[in-house]
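A quick write-up on the structure given underneath.
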Amino acid sequence: MDTRIAAAAFIVLGAVMTVTSCETTDGGSPPVSITADATASDSTDADPRCNASEIANDLDLPEYQHNARAEITECEPPWAVIRWDTPGDSQRMVRHIRGEWRTYVAFPHQKCWGDATADDVPMAFEKYFPNC
């Protein structure tokens with residue numbers, strides 16, 4: 001019996017999926033094996049969801065923000081700008097890296113746009129940085 005084995009790898013939302021299958025060329029029906037192996041990337045994730053609760057859960061927030069409503073004001077994965085319905089400036093720019101959201105800057109801040117571009121901050125977020 002002539003058997004062909006095919007394998008393919010896909011990148012889906014920052015995870016590598018490996019699928020293998022087996023088929024015969026003589027019209028028979030052998031067992032088919034499909035294996036999905038999702039492994040997270042060690043680098044910045046390519047397309048994480050910009051979900052306010054998910055982001056808030058990953059961040060080390062002050063106590064008064066734990067029950068406040070969070071809102072995503074801009075999202076360009078793996079980057080987002082998030083703020084909370086609390087007094088004062090609670091806005092942060094965050095990025096999804098190694099499977100979790102991390103604060104890049106908390107507002108107000110003094111990080112220069114040149115430094116931000118070196119860190120791969122998207123052009124759409126330039127308005128949040130001084131030119132210095």
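On a predicted model such as this, the values are computed, not experimentally measured, just so you know.
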**OP:** Using modelled atom types only, decide if a donor and an acceptor are shared between the side chain of Asp115 and the backbone of Lys111 within a distance under 3.5 Å.
**Re:** no
Subject >> Point-to-point distance, once rounded to the nearest 0.5 Å, from CG of Asn131 to CD of Glu126 >> reply: 6.0 Å
Original post:
When you measure from the side chain of His66 to the backbone N and O of Leu61, does any donor-acceptor pair fall under 3.5 Å?
Top reply: yes
Original post:
Mind checking whether Val94 and Tyr104 have side chains closer than 4.5 Å, heavy atoms only?
Top reply: no
**OP:** Report yes if some heavy atom in the side chain of Val105 is under 4.5 Å from a heavy atom in the side chain of Arg92; otherwise report no.
**Re:** no
**OP:** Taking only Lys NZ, Arg NE, NH1 and NH2, and the carboxylate oxygens of Asp or Glu, determine whether Glu100 and Arg102 approach each other closer than 4.0 Å.
**Re:** yes
Subject >> Pairs where residues 77-89 contributes a residue and the test salt bridge (Lys or Arg N to Asp or Glu O under 4.0 Å) is met, not counting sequence neighbours >> reply: Glu71-Arg83
Subject >> Min side-chain heavy-atom separation His96-Trp79 under 4.5 Å >> reply: no
**OP:** To the nearest 0.5 angstrom, please state how far the CG atom of Asp119 sits from the CE atom of Met93.
**Re:** 11.0 Å
Subject >> Distance flag, aromatic centroids of His109 and Tyr128, threshold under 6.0 Å >> reply: no
Original post:
Side chains of Ile55 and Ile72: does their closest heavy-atom pair fall under 4.5 Å?
Top reply: yes
Subject >> For Phe125 against Ala80, the heavy-atom pair lying closest together >> reply: CE2-N, 4.0 Å
**OP:** Please collect all disulfide bond (SG atoms under 2.5 Å apart) contacts where either partner lies in residues 84-131, sequence neighbours excluded, each pair once.
**Re:** Cys112-Cys132
Subject >> salt_bridge(Glu74, Lys127) N-O dist < 4.0 Å >> reply: yes
Original post:
What are the two closest heavy atoms between Trp101 and Asp58, and how far apart are they?
Top reply: N-OD2, 2.9 Å
Original post:
Quick one: does Ile82's side chain get under 4.5 Å of Gln91's, heavy atoms only?
Top reply: no
Original post:
Phe129 and Gln110: side chain to side chain contact (heavy atoms under 4.5 Å, CB included), yes or no, with the steps?
Top reply: CA-CA 8 Å; Phe129 296 90; Gln110 297 302 315; over 6 Å; no
